[in-house]
Every structure is written in structure tokens, then in C-alpha cells.
Amino acid sequence: MEKIDIILKNAVVKAIKQLYNSEVPISQISVQKTRKEFEGDFTIVVFPFLRFSKKSPDLTAEETGKFLKENIEEVYDFNVIKGFLNLSLTHQYWQKFFRNINSNKNYGFKTQNENTKKIVIEYSSPNTNKPLHLGHIRNNLLGWSVSKIIEAGGDKAVKVNLVNDRGIHICKSMLAWKYLAEGKTPKEVGMKGDHFVGDYYVAFDKEYKKQIAELVKNGMNEDEAKNEAQWMKEARIMLKEWEQGKEEVRSLWKTMNNWVYKGFEETYKKLGIGFDKIYYESETYLKGKEVILKALKDGALRQKEGGTVFIDLTKEGLDEKVLLRSDGTALYMTQDIGTAIIRYEDFKFDESAYVVGNEQDYHFKVLKIVLEKLGYDWAKNISHISYGMVELPHGKMKSREGTVVDADDLIEEMIQTAKAKSEELGKLDGFSEEEKNEIFRKIALGALKYFILKVDAKKNMTFNPEESIDFNGNTGPFIQYTYVRIQSMLTKAEEQGINELNDFENIKKFEEPEISLLNKFYDFEEVITEAGEKRNPSIIANYVYDLAKEYNRFYHELPVLKEEDFNFKKFRLSLSEKTGLIIKNALDLLGIEVPERM
RNA sequence: GCCCUCGUAGUUCAACGGAUAGAACAAUAGUUUCCUAAACUGUAAAUACAGGUUCGAUUCCUGUCGGGGGUACCA
């Protein structure tokens with residue numbers, strides 16, 4: 001079935017040709033949904049046609065409308081308001097449309113075909129020196145959701161995680177543990193491994209600060225003190241030893257990282273996300289070094305007197321970028337170059353996307369250029385899905401100031417809130433503890449995920465830990481509730497012996513809320529496409545909220561199960577069922593589950 | 001200094017260059033003999049400022065003011 005906005009656009013081209021003997025480019029025709037307060041389904045803006053018609057906006061709209069009404073069978077009527085041509089479609093059209101999408105359980109989703117692209121999506125990418133916080137949650141939810149949306153658009157998404165398991169920051173935790181822990185393990189103290197290791201990272205920082213202060217007091221300037229502090233010197237030695245493969249260092253490193261991985265796995269599981277492949281920087285950074293050293297030998301890169309290898313990007317409007325430290329150890333960029341190359345060898349992707357915060361916009365710009373300059377043709381297919389920071393009302397999260405919102409804590413709090421709220425409403429009496437906990441979990445995560453994903457990924461967002469995330473209004477639970485209500489009604493219908501909903505006969509006239517719902521159904525396909533192109537889950541989130549809102553209005557204004565006319569009843573049940581299905585499918589794209597009762 | 005971003009109701013978020021700038025929370029007034037009131041219906045409330053381009057600007061351009069980020073031999 002051809003999409004109606006395409007039909008309308010082509011019809012407008014014909015109209016302008018016939019009425020004004022002019023060719024209007026299809027790109028200049030804007031077909032949009034008619035705003036609620038006006039009569040009609042679709043609206044055409046006629047201002048761009050005035051130069052052809054040489055007539056007033058109203059008259060142009062009037063003439064175009066008349067042509068469409070007479071020549072396009074789907075157009076039932078039209079009205080003109082201030083140069084906007086509002087078109088109403090026939091109930092036959094809407095009926096045909098509904099029957100059409102009803103026969104398709106996956107309406108809105110595309111399947112893979114010969115044009116399917118393979119898109120590798122890197123997301124999460126944690127450091128193994130501290131537990132995950134709210135910023136990582138945003139990253140994880142975005143990565144997961146974008147992957148889902150890409151698949152819904154008919155492409156293949158390969159989800160990869162790049163664990164930053166080596167580097168100076170890890171050495172800091174290791175060093176502090178060595179000095180302070182007296183050999184204790186997370187198990188012994190009953191802590192999640194990532195939190196345990198994170199505590200030593202903080203401990204390092206505390207001691208390091210103390211050492212800097214001491215040196216400054218003795219007359220050293222601050223920059224120098226940062227370099228000369230004892231623990232920092234030792235951490236650097238440790239990094240060097242690690243790269244040289246010193247057994248003792250490697251062994252401690254392995255042990256501590258494994259503690260962290262166990263903790264991460266738990267958090268990922270709670271968030272309901274996962275990966276197709278996990279990369280470790282410790283396994284890829286050598287590739288980066290190798291490539292850079294080779295390029296140096298071939299004369300593609302240069303070296304400073306201290307031995308630092310760098311690339312000059314000043315011609316590109318950027319700066320000089322160091323690719324290898326003077327002591328030969330690798331940097332973030334070194335490693336990312338190696339990882340990118342290995343990833344291409346592994347997947348031969350059509351696109352390699354990185355879900356990373358916008359503070360690294362520069363890094364990815366440089367990464368792409370460096371790889372291109374090193375002669376990797378596929379580097380042009382690298383993209384950065386850049387997202388904004390999660391800020392607190394008083395600014396950034398800072399671990400030193402103890403203002404970091406911990407991921408595990410937040411999830412747990414959400415579950416407790418969901419539980420309290422649910423028990424207050426008392427709708428789950430008669431369920432087993434296990435069933436109830438499952439429902440609390442779905443609601444809690446629904447609230448959290450929706451709260452984060454409804455905001456345009458590109459933008460910074462504010463999270464106020466003082467105010468708990470809402471469960472009313474524009475929220476995940478509101479949408480879940482709408483779904484649950486529908487299921488409850490469908491169950492009752494079934495009990496009444498109504499099984500086949502879609503065999504309703506022709507509906508002569510629709511009520512306004514019914515048309516509005518059908519209009520919303522119509523949008524779903526395009527919403528998925530747009531969300532995929534823009535790599536932006538918030539488009540899905542806003543859509544599914546609108547749909548749920550629209551349904552609730554329908555639900556309040558029109559009887560469904562209580563409708564006496566059996567044909568209308570089946571039709572409305574069918575509308576309800578479809579709404580439920582779209583809600584479920586759309587929420588799934590956001591990684592949000594639906595409960596059957598709440 | 002240079003570069004990149006963002007400034008929309010009290011608050012958190014929406015708005016392919018299109019109509020009277022939408023929601024939600026908070027405030028306030030209502031709706032349960034009615035399919036789950038985690039719902040629905042009202043009221044009040046906003047485009048930082050000054051120019052420009054346009055039939056039309058929250059959206060594009062310039063400037064001012066204000067926030068955030070980057071410009072590391074950190075990640």
C-alpha cells in the first residue's frame with residue numbers, strides 16, 4: 001500500500017501543473033499532520049506555490065484543494081485557513097489502512113535485505129577503575145536502544161564493548177590497593193567488585209592530593225608537584241612495568257580487573273543490556289603501537305627530540321596530536337587506532353559508530369583523520385554518536401565531591417520507589433512475591449530508562465537526585481499503564497468469547513478519537529525511520545508517549561467493552577489491541593519491558 | 001586566546017523554516033454508582049537580548065550577555 005503522503009505529494013505536482021502550468025519540485029511540497037485544533041488529517045502548505053499561481057494564498061489553496069478533492073479518491077474534503085490547505089481523508093482510506101497494518105504483526109519494522117548494512121556500534125566502554133554511574137547509564141541505554149532501532153530499520157547492528165582495562169588510572173587503583181588493602185578481597189568485605197576497586201581509586205586520589213600539598217608547602221610549584229608526587233611516580237613506573245609484562249604487576253592487574261568485571265556484569269544484567277563482542281584495550285593497544293611505529297619508519301609520522309611520536313594536523317585546523325609517549329607507552333588515541341583497525345578486520349563493517357560523550361567530539365574527529373592519513377580507506381565510515389552530559393542541578397558529577405550518582409544505587413532506589421508506589425495503590429494483591437518483584441523491576445526500569453531516553457541524546461540533561469523520578473505524567477510507567485489497561489480489556493473480551501477482533505465489518509463513520517488513533521498509527525513507520533537516521537531514541541520515546549496519551553483519551557471518551565453495537569465493539573477492541581502492540585514494540589526499541597498487570 | 005555547543009512556563013522536556021510555541025511535574029478547579037484514577041477534563045504560566053534574511057524565524061546569519069565542553073606525553 002503506497003503511503004498517503006507520497007500520493008498527496010504526487011497529486012499536488014499534478015494539480016500545480018494542470019492549474020498553473022508549472023513544474024513544482026517535489027522537495028518543495030510539505031505534507032504535514034494537521035494540527036489538532038483544525039479539521040483534517042493532512043495539511044499542505046501552499047506558500048511555495050504562490051510564485052506559480054500568482055494568486056493569493058487562500059485562493060491557491062482553494063483551487064489546489066478542489067483539484068485534490070475531485071481527482072484523488074482518498075481525499076474526502078478540504079478546508080483552507082490562512083494559506084494552509086487541510087485535507088480530510090475518507091473513512092474508506094483509513095479503514096483500508098488499518099486493515100493493512102493489522103495483518104502485519106511487525107508493522108513499522110523493516111526486515112534485512114540485500115541493502116542491509118552492517119553497523120558496528122561501540123558503547124558502554126567503561127574504565128575498570130571505578131563503578132558505573134548515571135553518565136554510563138545514559139551511554140548504555142543509548143547504545144542498546146540505537147542498536148535496536150537500527151535493526152528495526154532493516155540494518156544489522158553489531159554491539160561491541162571496548163573495556164578500558166589498561167592505563168595509568170588502573171595502576172592508581174592497583175597501587176592504592178597494594179599499600180592500603182592488606183590483601184583484602186571484595187568477597188571478604190562483602191562488596192561488589194567494581195565498588196571495591198573504585199574505593200581504592202578514590203583512596204589513591206586522596207593520598208596523591210596530600211603528597212602534592214606537601215610538596216607545594218615545601219616550595220615546589222603545583223605543576224611540578226603533580227609530576228613529582230611519590231605515588232604518581234610509582235603509578236607511572238607500574239604502567240611501564242605492566243607494558244613490559246612484569247609478572248607481579250600483570251597478576252594483580254588481572255585479579256583486580258576480574259573483580260570489576262563481575263560487578264559490571266551484574267549492573268549490565270540489571271539494565272538488561274548486552275554485547276555481541278567485548279574488546280579489551282590490553283589486547284588492542286599493541287596493534288596501535290605497531291601501526292604508529294611502522295608509519296614513523298615509513299616517514300608518515302614524525303618524532304620530537306624527546307622521542308614523542310606525533311602527527312601534525314594544523315593544516316586541518318586542528319593541533320599537533322601525540323600518538324606515543326616519549327617513554328614509548330601508549331595513549332588513549334594509540335589504543336583507539338589499534339582497536340579501530342582490528343574491528344575492521346573482524347567485521348568489515350559498512351559503518352563503525354561510537355557512542356561516546358560529546359566531551360570527546362574532538363577525539364573522534366582526530367581519530368578519523370589520523371586513520372585516513374594512515375591510509376585506511378574505511379575510516380571515512382567512522383561516526384560518532386555524541387551525547388550530552390548528565391548534569392546535576394549544581395553542575396557536573398564529581399567523584400571527588402561525592403556527587404556521583406551511582407548506577408547500582410539508583411536502580412535499587414527506583415525499585416524501592418516502584419514498590420512503595422505500587423503497594424500504596426494496592427493493585428497487586430494476590431500476586432506472589434516473585435511476581436510482584438518482577439513487576440516492580442519492570443516499572444522501575446521503565447521509569448528510569450524512559451526518563452533518560454526521552455531527552456534528545458545530543459543535549460545535556462539535568463538529573464535532580466533530590467527529586468525521585470516520576471511515575472505519573474510523561475513517564476515510562478504511564479505508557480506501561482496504558483498497555484496494561486489494554487491487556488486487561490482484551491482478557492475480558494476473550495472471556496466474553498470475542499476472539500477474532502479483526503473481522504469487523506465496514507465502519508461507516510469514525511469518531512474523532514478513533515481517527516486520531518489511526519493517525520498516530522500512521523506515524524509509527526516514519527518515526528522508526530527518522531529515529532534510525534538520526535540515531536535518536538527520543539523520537540521513539542516522544543512518539544509512544546503521544547500514542548499512549550491519545551489512547552487514554554479514546555478510552556475515556558468512548559465505550560469499548562461496553563459498546564452495544566457488536567461491530568463497533570470489535571473495531572474498538574481491534575484498535576486497542578493494535579495500540580498495545582505498537583506500545584510494546586516501541587518500548588522494546590527503548591529497552592523497556594511491559595508488565596501484563598500493574 | 002582559539003574551537004564546539006546550549007539559553008523555551010517556577011521546574012524537567014517537545015516543536016522537517018510554517019498556523020494561536022506543545023507536554024509533564026509543581027500550583028489550582030473538577031471527573032469514580034462507568035472497561036485499572038499510575039487515568040481523564042479545565043485554569044494560570046515561556047522563546048536571554050539587539051539586529052538581519054524570509055510571505056513566514058524558537059529554528060538560518062551577525063553581534064551582546066550567560067551556562068557547558070574541548071584545546072594534555074588524562075581517559
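Naming: A, B, ... by sequence-line order, numbering from 1 per chain. All figures in this text were calculated on a predicted structure; none of them were measured in a lab.
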Which stems, defined as runs of 3 or more consecutive Watson-Crick or G-U wobble pairs with both pairing distances under 3.5 Å, involve RNA chain B?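 If one scans RNA chain B for consecutive Watson-Crick or G-U pairs, the stems found are B:1-7 with B:65-71, B:10-13 with B:22-25, B:27-31 with B:39-43, B:48-52 with B:60-64.
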How many whole angstroms separate atom [atom1] of [X] from atom [atom2] of [N]?
X: A/Lys549; N: B/G22; atom1: NZ; atom2: C1'; value: 10 Å
X: A/Asp429; N: B/U36; atom1: CG; atom2: C1'; value: 13 Å
X: A/Lys36; N: B/U20; atom1: NZ; atom2: P; value: 19 Å
X: A/Asn460; N: B/G66; atom1: CG; atom2: P; value: 19 Å
X: A/Arg35; N: B/U20; atom1: CZ; atom2: P; value: 8 Å
X: A/Asn79; N: B/A19; atom1: CG; atom2: P; value: 16 Å
X: A/Lys396; N: B/G70; atom1: NZ; atom2: P; value: 5 Å
X: A/Lys304; N: B/A72; atom1: NZ; atom2: C1'; value: 11 Å

Evaluate the side-chain hydrogen bond (donor to acceptor under 3.5 Å, both in side chains) criterion for residues A/Tyr543 and A/Glu526: first the C-alpha distance (whole Å), next the side-chain angles of each, then the deciding distance (0.1 Å), finally the verdict. CA-CA 11 Å; A/Tyr543 168 79; A/Glu526 201 175 310; over 6 Å; no
Identify whether the distance between the nearest side-chain nitrogen and carboxylate oxygen of A/Glu495 and A/Lys492 falls below 4.0 Å.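 Judged by the 4.0 Å cut-off on N to carboxylate O distance, A/Glu495 and A/Lys492 do not form a salt bridge.
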Any carboxylate oxygen within less than 4.0 angstrom of a Lys/Arg side-chain nitrogen, looking at A/Arg553 and A/Glu550?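 Salt bridge flag = yes for A/Glu550 with A/Arg553.
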What distance do [X] atom [atom1] and [Y] atom [atom2] have between them, rounded to the nearest 0.5 Å?
X: A/Leu490; Y: A/Glu577; atom1: CG; atom2: CD; answer: 5.5 Å
X: A/Asn519; Y: A/Lys36; atom1: CG; atom2: NZ; answer: 7.5 Å
X: A/Glu359; Y: A/Lys396; atom1: CD; atom2: NZ; answer: 5.5 Å

Using atom [atom1] in both nucleotides, what's the gap between [N] and [M] to the nearest angstrom?
N: B/G56; M: B/C13; atom1: C1'; result: 26 Å
N: B/A44; M: B/G67; atom1: C1'; result: 29 Å
N: B/A27; M: B/U62; atom1: C1'; result: 41 Å

Looking for any heavy atom pair under 4.0 Å, which part of the strands does [X] touch: base, sugar-phosphate only, or nothing?
X: A/Ile452; answer: nothing
X: A/Pro57; answer: nothing
X: A/Leu324; answer: nothing
X: A/Glu563; answer: nothing
X: A/Phe38; answer: base
X: A/Val560; answer: base
X: A/Thr329; answer: nothing
X: A/Asp361; answer: nothing
X: A/Asp546; answer: nothing
X: A/Arg597; answer: base
X: A/Tyr555; answer: base

With syn defined as a glycosidic angle within 90° of 0 and anti as everything else, classify B/U32.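 In terms of base orientation relative to the sugar, B/U32 is syn.
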Give a yes/no verdict on base stacking between B/G18 and A/Phe47: centres under 5.5 Å, planes within less than 30° of parallel.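 It does: the ring sits over the base of B/G18.
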Could you say whether the aromatic ring of A/Tyr362 and the base of B/G70 stack, counting only centre distances under 5.5 Å and plane angles under 30°?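 The ring of A/Tyr362 is not stacked on B/G70.
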Partner of A/Tyr285 by ring pair (Phe, Tyr, Trp, His ring centres under 6.0 Å), out of A/Tyr279, A/Tyr280, A/Trp242: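 For A/Tyr285, the ring pair (Phe, Tyr, Trp, His ring centres under 6.0 Å) test succeeds with only one of A/Tyr279, A/Tyr280, A/Trp242, which is A/Trp242.
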Please confirm whether the shortest side-chain N or O distance from [X] to OP1 or OP2 of [N] is below 4.0 Å.
X: A/Arg325; N: B/A72; result: no
X: A/Lys458; N: B/C6; result: no
X: A/Lys569; N: B/C35; result: no
X: A/Ser488; N: B/U36; result: yes

Mind listing the residues from residues 463-478 of chain A sitting with a heavy atom below 4.0 Å of RNA chain B? Number order is fine.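 Those residues are A/Asp470, A/Phe471, A/Asn472, A/Gly473, A/Asn474, A/Phe478.
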Let me know, please, whether A/Glu557 or A/His169 comes out on the 5' side of the other along RNA chain B by nearest nucleotide.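 It is A/Glu557 whose nearest nucleotide is closer to the 5' end.
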For RNA chain B, whose closest nucleotide is more 5', that of A/Lys492 or that of A/Met389?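 Closest to the 5' end, via its nearest nucleotide, is A/Lys492.
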For the side chain of [X], counting heavy atoms from C-beta on, which of [options] is nearest?
X: A/Met489; options: B/A14, B/C35, B/A39; answer: B/C35
X: A/Lys562; options: B/A24, B/A14, B/C35; answer: B/C35
X: A/Arg485; options: B/A19, B/U36, B/C35; answer: B/U36
X: A/Val45; options: B/G18, B/U71, B/A37; answer: B/G18
X: A/Leu331; options: B/C73, B/A39, B/U20; answer: B/C73
X: A/Ile168; options: B/G18, B/C74, B/A14; answer: B/C74
X: A/Ser326; options: B/A39, B/C73, B/U12; answer: B/C73

Filter on ring-ring contact (aromatic ring centres under 6.0 Å, His included), then keep only pairs touching residues 472-498 of chain A, sequence neighbours left out; what's left?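 Residue pairs with at least one partner in residues 472-498 of chain A: A/Phe478-A/Tyr545.
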Donor-acceptor pair present, A/Asn86 side chain and B/A19 base, under 3.5 Å: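 Checked by distance alone, the answer is yes.
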Would you state whether a donor and an acceptor, one from the side chain of A/Thr482 and one from the base of B/A39, lie under 3.5 Å apart?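 Between B/A39 and A/Thr482, which were checked side chain against base, a qualifying N/O pair under 3.5 Å is absent.
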Intermediate values then yes/no, side-chain hydrogen bond (donor to acceptor under 3.5 Å, both in side chains), A/Ser88 and A/Asp41: CA-CA 5 Å; A/Ser88 298; A/Asp41 299 308; 5.0 Å; no
Kindly assign one of parallel, tilted or perpendicular to the pair A/Phe42 and A/Tyr522, based on the angle between their ring planes and the thresholds 30° and 60°.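 Rings of A/Phe42 and A/Tyr522: perpendicular, over 60°.
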Should A/Gln487 and A/Thr491 be marked as a side-chain hydrogen bond (donor to acceptor under 3.5 Å, both in side chains) after you check the CA-CA gap, both sets of side-chain angles, and the distance that decides it? CA-CA 6 Å; A/Gln487 301 320 303; A/Thr491 308; over 6 Å; no
As a quick check of understanding, evaluate side-chain hydrogen bond (donor to acceptor under 3.5 Å, both in side chains) for A/Tyr200 and A/Asn129, giving each step before the final call. CA-CA 8 Å; A/Tyr200 287 99; A/Asn129 61 333; over 6 Å; no
Looking at A/His363 versus A/Tyr332, is the centre-to-centre ring distance below 6.0 Å?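 Judged by ring-centre distance (under 6.0 Å), A/His363 and A/Tyr332 do meet the cut-off.
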